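Right, one structure below, let's go through it.
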Amino acid sequence: MAVIPRSDPPSRIHPEPQTLEIDHFDRLPDSILLLVFNRIGDVKALGRCCVVSRRFHSLVPQVENVVVRVDCVISDDDSSSLSSIKSRSAASISAGSFSAIFRLVVGGIVKPLQALGQFLGTKRSCGSASSSSSLSISGDEGGEMEQGGVTHHSPTQVLKNFDEIRYLRIELPSGELGIDDGVLLKWRAQFGSTLDNCVILGASSVIQPSQMRISQGLDTTTTVEPSGAADDNGSIPESFYTNGGLKLRVVWTISSLIAASARHYLLQPIIAEHKTLNNLVLTDSDGQGVLCMNRDQLEELRVKPLSASSASKRTLVPALNMRLWYAPTLELPDGTVLKGATLVAIRPSESSKKEVSDISWVSSAFEEPYETAAKMLVKRRTYCLEMNSF
């Protein structure tokens, strides 16, 4: 009996094609992806998104809400290591020297994210004084680290490839003003081409409710005077002028104004390059100071260049009118007690009388619980001061 050879089934000769895995991101429209990127905001995270695909790479520059978190601050003329930079800059600031201008640097971008550097552009290493070569989008990926240092980028460089920024928030690693532990010092300033207004809140010490309970548990005689108990008319006690209290507040005021004007000066290239900006905030992780600029103020700076101080790289502070409120002890509704609570509201002398008399912007300058503290202080007696341009 003849055996007829059996042919292989067609499936063996022509195997069925495997089903390709679908990338669901490809099904999302650009508008949805941009909404996601705008919610992300953080420039480092956006940089990582940028290297995922060509599509992401083309969409990231269209993001409107961007947050830049600065990792370290490098002096323009400093060529030493990052550790020495931090120690010297801290010593300089605590000594009251604000003449040196600092370059803001966004760091922590290291291998294996070489392609991220292509998007961000020119780089600088904290461990080297020399700048590395510029990288094009399709160019060389080398030079990510120099002499073992971490590669860093200035905010101007980081933002160079963003085309549609509307809201920009830059966060410094810490406040510029060196203050003792337990001392409260906060400021909020608005600028156009020069200072529009500034509010400063300070206290020689802050006692939290938990500290009060511990203190009272150890000493049953410990008490805290209610706000205004020692001075019902809200006047400043005579001791304020003789024990250095007034001098300390003047130092707080001048230091805060110098810090604000230095921040404003640093923002010039960013504001000039990004004409779509509607809102800009430059703050710090300590919550010590906040500089704000709205759309009209940004446009004012572009049309009317700022006046720089001849002594240092900062914006010239104009002649000022100041209002001061003081309370020896201010107890807030949540139980927090501010000792030597001081609120200073500052506007240029050339402001109209109507603007100067309106203090609604003062009480809303800070977040809780310090907004309540400001509202309580403005009800006390007002002291008017003047300061020359510097």
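What you see is a predicted model, and the numbers here were worked out from it, not measured in a lab.
At a threshold of 4.0 Å, the pair Arg166-Glu164 counts as salt-bridged, since one of the basic side-chain nitrogens sits closer than that to a carboxylate oxygen. Comment: Lys375 engages Glu371 in a salt bridge, judged by a side-chain N to carboxylate O separation of less than 4.0 angstrom.
Judged purely by distance below 3.5 Å, without hydrogens or angles, the side chains of Ser285 and Glu171 never pair a donor atom with an acceptor atom. Using a 3.5 Å distance cut-off with no hydrogens or angles, the side chains of Glu238 and Thr242 do not pair a donor with an acceptor. No hydrogens or angles considered: a donor-acceptor pair under 3.5 Å links the side chains of Trp325 and Thr382.
Here Ser307 contributes atom OG and Tyr265 contributes atom OH; the two are 11.5 Å apart, rounded to the nearest 0.5 Å.
The neighbour count for Asn388 CG, taken as heavy atoms of other residues, nucleotides or ligands under 6.0 Å away, does not exceed 12.
For Tyr383 and Tyr326, the gap between ring centers reaches or exceeds 6.0 Å.
Annotation: side-chain hydrogen bond (donor to acceptor under 3.5 Å, both in side chains) contacts of Asp42 (sequence neighbours excluded): Arg69.
Between Thr194 and Pro318, the shortest heavy-atom contact is OG1-CD, 3.4 Å. The minimum heavy-atom distance between Ala365 and Arg188, with the atom names listed, is O-CD, 2.9 Å.
Within the cation-pi definition used here (under 6.0 Å to the ring centroid, within 45° of the axis), Arg347 qualifies as a partner of Trp361.
Remark: the backbone N or O of Ser58 is paired with a side-chain donor or acceptor of Gln62 at under 3.5 angstrom.
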